[in-house]
Amino acid sequence: MAKFLRDLLDAEEPLFSESLRQLEQASGRQAADTKLIGDITAMAHENLRQMGLNPATSTGEEVYHGLEARLKTDLKRLTRIIGAEESEDVRYLVPFMVKAANSVKFNRKVFVIKHESAKNLLRQMPPKTLMEKLGYDDIESMFDHEDFAELYTALRFSEGPDWLNKYDELFEKVTPDDYEERDLQIVVMDHDKYVDLAAHFVQKKLHNVTHTKEMGVIVVVPMYAKTMRGLVLKTLPLLFHYMNEVKLYSTFFKLKSQQPHFGKTVVSTLQADPGDASQMVGHKIHWRVIQRYLGKHKEDNISMVAFEPHVQPEDLHWRRAEDLLYELDPELEFWKDRDFVGLVYDGFPIAFNLFDVSFAYSNSEPYENRYAYHFRESLWNEIFVRYMGFKNLARQVLEQLDNSMVAPEKLPVTKPKTVPALRRENAKHDILIRRKLIDAAEDRLDGVTEEFDKVFNMLGKYSKTVTVFGTARKPQEDGISWNAYELARRFAVDGYAVVTGGGYGVMEAANRGAYDAGGDSIGLNILLPHEQSLNNYTTESFQFQHFFGRKVAMTLDASGYVFFAGGFGTLDELFEILALEETNKIPRAPIILVGSDFWGPIDEMIKKVLLERFGTISNEDHELYSVMDNHDDIIHKINQYERKLNAPKE
């Protein structure tokens with residue numbers, strides 16, 4: 001299971017696989033990586049279909065350019081929303097973006113260094129290059145005549161890394177009394193005064209926003225380029241990102257102000273060094289907290305920690321920046337929760353992460369130079385969250401911003417009732433049958449995980465599927481079976497893969513209809529002692545040993561669920577899918593009950609008893625399914641859902 005994730009991250013082995021094993025041990029959450037892989041695949045395929053692409057056959061370049069096309073549509077709309085005309089003019093667009101950033105609901109109170117305290121540090125170590133550039137011999141005169149937020153930000157452009165590191169070390173002497181609460185600021189730097197100094201920064205970063213976390217200031221940097229494509233979906237997210245970053249560091253500094261060695265903590269935080277602490281402590285793998293993006297490929301001559309287990313505060317800022325963007329433009333939901341979603345094409349991931357796509361578009365990067373920076377950092381975080389929980393991630397990031405290690409085995413996790421926990425309880429009673437159940441459960445967990453991996457890969461090849469349910473007891477010449485045969489045949493002609501439980505009766509009839517039409521006919525069979533052998537009309541099949549894995553696979557990403565007459569098993573599947581759609585655990589694909597003579601009385605019972613008499617379901621719940629007889633109407637309904645799903649959003 002680790003291979004899918006390892007390939008996306010280009011992670012170091014055996015460190016990566018062992019870290020997953022230890023996260024599972026520490027959390028008690030088994031197969032969280034399997035669920036994550038399923039989620040990544042399902043969300044990526046959903047986006048591909050929305051762009052009109054076939055997940056099974058689309059090339060990497062088609063996917064990359066499809067995401068770019070989607071981004072351009074979103075860019076035009078967002079530009080209008082912030083009040084600007086469509087343009088690539090930098091100086092024209094900046095005021096609109098700053099106004100939009102200042103308009104969103106956001107707590108702007110931050111705990112940052114006082115201006116006078118920062119000036120005292122600069123008096124100890126005057127920035128001579130900046131003073132010369134601005135024409136000052138006296139630092140006090142510069143303080144009197146220049147905007148201090150602009151001055152302070154300009155230090156990173158003018159003085160060089162050696163000066164900055166020495167300056168940061170002066171913070172070792174600061175105390176909490178040197179800090180105060182004030183509002184976060186967004187400042188647009190004077191173009192003519194600072195454009196020369198900022199040129200190297202803009203050339204290196206390929207964007208025009210920076211910040212000073214210790215001052216609580218976000219700065220739009222001047223640039224020589226008069227135009228930049230995709231600017232609104234580059235600069236505006238950066239403003240939101242730095243708002244969240246400054247806020248996080250403010251909270252961190254406030255937290256540490258109550259503890260000893262405040263100044264030393266500030267220094268190590270400002271220098272953002274991932275450190276050289278051992279990642280292996282005894283036999284435990286500890287996760288680093290690193291504050292910056294360290295590289296794209298291992299060959300880039302950057303720190304290898306980017307490819308080893310770590311968590312990344314930056315990703316949290318980007319996720320919150322997305323939330324602020326959605327507040328401005330809810331139609332950006334195509335990208336929602338896709339931060340950690342990507343698929344490997346031609347040996348490198350294509351990220352569905354909004355910021356990787358928007359930055360690559362703005363920088364005119366070709367397919368071969370696509371970005372995966374933000375996606376990979378988000379995926380590292382997501383892996384940690386799936387096992388240890390978001391609260392642990394947020395708390396550890398906040399407490400370890402001075403580049404410490406996170407020890408998963410020491411974190412408080414509410415563990416599910418695991419097999420080992422059950423064993424300890426049952427040992428007290430020495431009940432033989434319970435011990436046997438526990439041993440069997442352990443074997444099943446491993447088996448279900450392996451089954452998920454295989455069946456996800458198999459079903460992922462089909463872009464459109466219809467899942468057919470019904471009794472195994474009817475012979476092929478029965479009218480119910482013949483009805484299933486004919487409808488499945490027509491689905492196959494329309495390009496749908498027909499999925500059944502792989503048995504006899506209605507399942508065999510549906511598989512045979514798709515098979516005879518030359519279509520894809522899939523059987524998801526279950527191995528039982530005396531029944532449920534696979535029928536002879538499948539083009540691809542999978543034999544489960546566990547009902548749970550099979551039930552999940554039968555609900556996976558279908559274009560429609562079609563139910564013929566059946567017994568308890570069919571009703572069980574129907575009500576499970578209804579419950580999943582009612583609670584939005586799966587997409588609301590059409591649920592069709594074929595045959596009003598069989599389903600009509602059941603529908604009447606649901607309506608009269610559940611809806612009207614006892615009120616245990618709502619009108620909306622009752623509308624989740626349709627009782628239908630006409631094949632043309634059934635096919636039209638499912639085709640309509642597919643068209644709506646795949647239609648590009650304006």
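The analysis underlying the following values was restricted to heavy atoms, covering all of them including side chains, and did not include hydrogens, waters or symmetry mates. The first residue in the sequence is number 1, and the count goes up from there.
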Participant: Heavy-atom distance under 4.5 Å between the side chains of Val195 and Val202, does that happen here?
Facilitator: no
Participant: Under 3.5 Å, side chain of Asn244 to main-chain N/O of Phe240, donor-acceptor pair present?
Facilitator: yes
Participant: Hey, does Asp33 have a side-chain heavy atom less than 4.5 Å from the side chain of Phe4?
Facilitator: no
Participant: Among all residues two or more places apart in sequence or in another chain, which pass the ring-ring contact (aromatic ring centres under 6.0 Å, His included) test with Phe253?
Facilitator: Tyr179
Participant: Side chains of Arg91 and Asp89: does their closest heavy-atom pair fall under 4.5 Å?
Facilitator: yes
Participant: Quiz question: by atom type and distance under 3.5 Å, do the side chains of Glu85 and Tyr92 form a donor-acceptor pair?
Facilitator: no
Participant: Is a side-chain donor or acceptor of Arg182 paired with a backbone partner of Ile113 at a separation under 3.5 angstrom?
Facilitator: yes
Participant: Does Glu245 reach the side chain of Ile218, with side-chain heavy atoms less than 4.5 Å apart?
Facilitator: no
Participant: Just checking Asp137: does its CG atom have more than 12 heavy atoms from other residues, nucleotides or ligands closer to it than 6.0 angstrom?
Facilitator: no
Participant: How about CD on Glu86, more than 12 heavy atoms from neighbouring residues, nucleotides or ligands closer than 6.0 Å, or not?
Facilitator: no
Participant: Could you list the donor-acceptor pairs under 3.5 angstrom formed between side-chain atoms of residues 97-106 and any protein atom two or more places apart in sequence or on another chain?
Facilitator:
unit_1 : atom_1 : unit_2 : atom_2 : d
Asn102 : ND2    : Val98  : O      : 3.3
Ser103 : OG     : Ala100 : O      : 2.7

Participant: Side chains of Leu248 and Lys213: closer than 4.5 Å at any heavy-atom pair?
Facilitator: no
Participant: Run the numbers on Lys133 and Glu159 for salt bridge (charged side-chain N to carboxylate O under 4.0 Å, His left out), then give the verdict.
Facilitator: CA-CA 11 Å; Lys133 171 66 180 173; Glu159 303 308 307; over 6 Å; no
Participant: Heavy atoms, side chains only, cut-off 4.5 Å: are Leu5 and Ile40 in contact?
Facilitator: yes
Participant: Check this for me: His145, atom NE2, are more than 12 non-hydrogen atoms of other residues, nucleotides or ligands nearer than 6.0 Å?
Facilitator: no
Participant: According to the interplanar angle, ranging from 0 to 90°, do the rings of His115 and Phe148 count as parallel (below 30°), tilted (30 to 60°) or perpendicular (above 60°)?
Facilitator: tilted
Participant: Look up atom NZ in Lys247 and atom CG in Asn107, then write down how far apart they are to the nearest 0.5 Å.
Facilitator: 3.5 Å
Participant: Whether Glu68 and Lys72 form a salt bridge (side-chain N of Lys/Arg under 4.0 Å from carboxylate O of Asp/Glu) is what I want to check.
Facilitator: no
Participant: Give, for atom CG of Leu379 and atom NE2 of His374, the distance between the pair rounded to the nearest 0.5 Å.
Facilitator: 14.5 Å
Participant: Return yes if some donor-acceptor pair links the side-chain N/O of Thr235 with the main-chain N/O of Val232 below 3.5 Å, else return no.
Facilitator: no
Participant: Do side-chain atoms of Ser250 reach the backbone of Val246 as a donor and acceptor pair under 3.5 angstrom?
Facilitator: no
Participant: If you measure from the Lys or Arg side-chain nitrogens to the Asp or Glu carboxylate oxygens, is any gap between Asp323 and Arg320 under 4.0 Å?
Facilitator: no
Participant: Does CD in Glu327 sit with more than 12 non-hydrogen atoms of other residues, nucleotides or ligands closer than 6.0 Å?
Facilitator: yes
Participant: Can you tell me if Asp339 and Ser378 form a side-chain donor-acceptor pair at under 3.5 Å?
Facilitator: no
Participant: Would you give the length of the straight line joining atom CG of Leu151 to atom CZ of Phe143, rounded to the nearest 0.5 angstrom?
Facilitator: 7.5 Å
Participant: Is Asn353 reaching over with its side chain to a backbone N or O of Ala372, donor-acceptor style, under 3.5 angstrom?
Facilitator: no
Participant: Using a strict threshold of under 4.0 Å (side-chain N to carboxylate O), is an ion pair present between Glu169 and Lys166?
Facilitator: no
Participant: Compare every heavy atom of Leu184 with every heavy atom of Val110, then report the nearest pair and how far apart it is.
Facilitator: CG2-N, 3.8 Å
Participant: Got a list of side-chain donor-acceptor pairs under 3.5 Å for residues 359-366, not counting sequence neighbours?
Facilitator:
unit_1 : atom_1 : unit_2 : atom_2 : d
Ser362 : OG     : Arg229 : O      : 2.8
Ser362 : OG     : Lys234 : NZ     : 3.2
Asn363 : OD1    : Lys234 : NZ     : 2.6
Asn363 : ND2    : Phe359 : O      : 3.2
Asn363 : ND2    : Tyr371 : OH     : 3.0
Ser364 : OG     : Arg229 : NE     : 3.4
Glu365 : OE2    : Tyr371 : OH     : 2.8

Participant: Would you call Ile383 and Leu9 a side-chain contact if the rule is heavy atoms closer than 4.5 Å?
Facilitator: yes
Participant: CE of Met142 to CG of Leu134: how many Å apart, nearest 0.5 Å?
Facilitator: 6.5 Å
Participant: If you measure from the Lys or Arg side-chain nitrogens to the Asp or Glu carboxylate oxygens, is any gap between Lys193 and Asp147 under 4.0 Å?
Facilitator: no
Participant: Rounded to the nearest 0.5 Å, how far apart are CZ of Phe355 and CG of Leu325?
Facilitator: 5.5 Å
Participant: Taking NZ, NE, NH1 and NH2 as the nitrogens, is one of them in Glu140 or Lys119 under 4.0 Å from a carboxylate oxygen of the other?
Facilitator: no
Participant: Could you please spell out the steps behind the salt bridge (charged side-chain N to carboxylate O under 4.0 Å, His left out) verdict for Glu18 and Arg21?
Facilitator: CA-CA 5 Å; Glu18 180 61 18; Arg21 189 188 69 80; 2.5 Å; yes
Participant: With heavy-atom distances below 4.5 Å as the criterion, would you say the side chains of Trp335 and Val341 are in contact?
Facilitator: no
Participant: So, Arg108 side chain and Met243 main chain: donor-acceptor pair closer than 3.5 Å or not?
Facilitator: no
Participant: Atom CD of residue position Gln203 - does it have more than 12 heavy atoms of other residues, nucleotides or ligands inside 6.0 Å?
Facilitator: no
Participant: Which distance, rounded to the nearest 0.5 Å, do you find between the OG of Ser158 and the NE2 of His200?
Facilitator: 12.5 Å
